[in-house]
**Q** 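Submitted below is the structure of interest, expressed as structure tokens.
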2 protein chains.
Amino acid sequence: MPKTKRDPSESDRTRQVVNHIRELLERGELRPGDKIPPERDLAKALKISRASLRTGIGYLAAMGVLNVRHGVGTFIHDGPAEFSKASLGFMSTLHGFQSWQMFEARRIIESSLAAMAAERSNDEHHVLLAEQVAEMFSIADDPAEFLKHDVQFHRTIAQASGNPILAALIETITSAMYEDRLKTVSRAHYLRKMAEMHRDIYRAIRSRDAAEAQKQMERHLQVAEDEQKSEVPPQRPQHPRSGQKRATTSSPEMPATHSATASAEGAGPESAQEANIPVQ
Amino acid sequence: MPKTKRDPSESDRTRQVVNHIRELLERGELRPGDKIPPERDLAKALKISRASLRTGIGYLAAMGVLNVRHGVGTFIHDGPAEFSKASLGFMSTLHGFQSWQMFEARRIIESSLAAMAAERSNDEHHVLLAEQVAEMFSIADDPAEFLKHDVQFHRTIAQASGNPILAALIETITSAMYEDRLKTVSRAHYLRKMAEMHRDIYRAIRSRDAAEAQKQMERHLQVAEDEQKSEVPPQRPQHPRSGQKRATTSSPEMPATHSATASAEGAGPESAQEANIPVQ
DNA sequence: TGTATGCTAGTGGTCAGACCTTTGAATTCC
DNA sequence: GGAATTCAAAGGTCTGACCACTAGCATACA
């Protein structure tokens, strides 16, 4: 498997910390949810300054391996595998990702996931999926609550697919889309339709019809995309970022079903304040 | 698009730095390849200590946004979008990813990419692809060199697909597999066969036959997988990570090409609490 | 008795400033 | 001209003090 290439951004001390944690992880002495020693202790044990240790911890936290809680401690990340949430956001502003591209990526990966789930899922998965579908039908008035089950439904399929890597990728993408989805999931008739589509997907998986599961999932996501586009059409245009270096200037318009819709991603609520630093 | 959820691992100062950089990026004042001000200057400008600034920089570097070079400076990452190389490696040890799963993920995504490339590529892409194929045929004795063109070929397809997100995902996966591939690409007859398959893929894309491109790509990756498995059969045993949370530890072997092993992980409550681990 | 309040130990967050190491390029010497 | 030297810039590390947040415990109050 991937034997972690040495990333240049890891300096000696940082790498020392990273390797230390990885070893403990590989040796099974540290598992998801576990707490690592206090910074002061660990720094002393590794014979490095607390500052350096913190650099390493920060690195691991950025990658989603560690979970730091002020006043409490630092823990090994526990939960579904996924890349750092912020990373996709940054890649987005850095490379000009667009909304339709996220939907497309999701459609492609998740429809495959559904097909795989149809072949590899077990009864336990079926039960979980059925439960989520049932919940979706019963809750037709609380968008936020509905979305929660929606997410869980898709997450279950990802898990049932037996491929945690693809599951992690889709988890990353969907979590990045979460906020926008919250705004979208609203109208009652829409929720009803969504519930029905999920049910259809569930049925296909349950009956181990991979092709059908894939098809239904694709249809479902296409509808979801169309719905969202119709609800949240206005988007702040992307930076032209006039490419000078063989820029990846993808054509702004794409074929049929997808119409480009640059994403906003405004500086959220809190966001920025002070400082206009003249970056040379 | 992704409204960067507030990541708990970002403390105030760190977030301040991150936001600052993001703003400059969004405002177009910073672009890939650009150098950011020296730490001492930037720290003063942001009115924070250099230590805190470094935390933020480390965070961004871990996410692959910044590229820090000792004695030179810190730059905005330049090059194909991808997630931090190390991240996949960590997720691997953290969630027990397996080799066949990486191949499977690659097969699924990249075959779709090929299909998309067939529909969206332009002449420029075709030229690049043709060049790489030609190089592959001419270089039949230098595995390392061959692999370089191989990588470039696939990267071009990813770019031609018009979906940078999927391109980034595949970039992440392939870079994680790079080392193992270096060991594999060796036998001359194998290189020859590879070159031919790449040529077939190219032809399909060139003739805009999406279905064929997808099929050829899938076949190509399947062959590559089989080849590698036959050469590097010994797999480092995975941690049993005895699932206590309804881990669906199915039998390690599965139908034909895939063997499913459901991942543990439960969306459920945190469960496992503290427990000070004696991390040596 | 039960709840509210306040204190405190533990742990991460920030700061300041000195010193070390690596780079890259200008300078000097042969 | 080319090689060795010098030097300034910029990142890397260290120390140790102090701040801030959490959770749990003890005390006070109703």
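What you are looking at is a predicted structure, and each value in this text was computed from that prediction instead of being measured. Per chain, numbering begins at 1; letters A, B, ... match sequence-line order.
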**Q** Given the structure, check if the side chain of B:Arg40 and the base of D:dG11 hold any donor-acceptor pair shorter than 3.5 Å.
**A**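 Side chain to base: pair found, below 3.5 Å.
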
**Q** Please tell me if A:Thr55 has a side-chain N or O lying less than 4.0 Å from either OP1 or OP2 of D:dG12.
**A**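 The answer is no; no side-chain N or O of A:Thr55 sits under 4.0 Å from OP1 or OP2.
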
**Q** With nearest nucleotide decided by heavy atoms, which residue, B:His70 or A:His70, maps closer to the 5′ end of DNA chain C?
**A**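 Upstream on the strand: A:His70.
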
**Q** Can you tell me which nucleotide in C:dT14, C:dC15, C:dT22 comes closest to the side chain of A:Arg50?
**A**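 So the side chain of A:Arg50 is nearest to C:dT14.
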
**Q** The side chain of A:Ala51 lies closest to which of these nucleotides: C:dC15, D:dC14, C:dG13?
**A**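 Nucleotide nearest to A:Ala51's side chain: D:dC14.
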
**Q** Please determine, for the side chain of A:Ser49, which listed nucleotide (D:dC14, C:dC15, D:dG11) has the closest atom?
**A**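 From the listed options, D:dC14 comes nearest.
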
**Q** Using a cut-off of less than 4.0 Å, is there contact between a side-chain N or O of B:Lys35 and OP1 or OP2 of D:dA10?
**A**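 Yes, such a contact exists.
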
**Q** Contact between B:Leu88 and A:Phe83 at the side-chain level, heavy atoms closer than 4.5 Å - yes or no?
**A**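 They are in side-chain contact.
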
**Q** Take the protein atom CZ of B:Phe75 and the nucleotide atom P of C:dT23, then report the distance between them rounded to whole Å.
**A**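 Taking CZ of B:Phe75 and P of C:dT23, I get 13 Å after rounding.
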
**Q** What's the closest nucleotide to the B:Val72 side chain, out of D:dT13, C:dT23, D:dT22?
**A**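 Side chain of B:Val72 sits closest to C:dT23.
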
**Q** When you check the gap from the basic side-chain N to the acidic O, do B:Asp12 and B:Arg15 get nearer than 4.0 Å?
**A**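 Salt bridge flag = yes for B:Arg15 with B:Asp12.
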
**Q** Would you say A:Glu145 and A:His149 make side-chain contact, with heavy atoms under 4.5 Å?
**A**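 They are in side-chain contact.
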
**Q** What is the distance, to the nearest angstrom, from the CG atom on B:Asp12 to the C1' atom on C:dC15?
**A**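 It works out to 15 Å between those atoms.
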
**Q** Looking across every strand, which nucleic acid part, if any, lies under 4.0 Å from A:Thr74 by heavy atom: base, sugar-phosphate, or nothing?
**A**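 The residue A:Thr74 makes sugar-phosphate contact but no base contact.
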
**Q** Measure the distance from CD1 on A:Ile36 to C1' on C:dG12 and round it to the nearest whole Å.
**A**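 Spelled out: CD1 on A:Ile36 to C1' on C:dG12 is 11 Å.
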
**Q** For B:Ser87 versus A:Met63, what's the shortest heavy-atom pair and its separation?
**A**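 Heavy atoms of B:Ser87 and A:Met63 come nearest at N-SD, 3.6 Å.
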
**Q** Round to the nearest Å and state the distance from A:Ile48 atom CD1 to C:dC20 atom P.
**A**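 After rounding, the gap between these two atoms is 19 Å.
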
**Q** Taking the minimum atom-to-atom distance to the side chain of A:Glu39, which one of C:dT11, C:dG24, C:dG13 wins?
**A**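 From the listed options, C:dG13 comes nearest.
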
**Q** Hey, is the side chain of A:Arg54 poking within less than 4.0 Å of OP1 or OP2 on C:dG12, counting only N and O atoms?
**A**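 No, because none of the side-chain N or O atoms of A:Arg54 sits under 4.0 Å from OP1 or OP2 of C:dG12.
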
**Q** Looking at B:Arg106 and B:Thr174, what are the two nearest heavy atoms and their distance?
**A**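 For B:Arg106 versus B:Thr174, the nearest heavy atoms are NE-CG2, 3.4 Å.
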
**Q** Starting from P on D:dG11, measure out to CZ on A:Arg13 and report it in whole angstrom.
**A**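 Value for this atom pair: 19 Å.
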
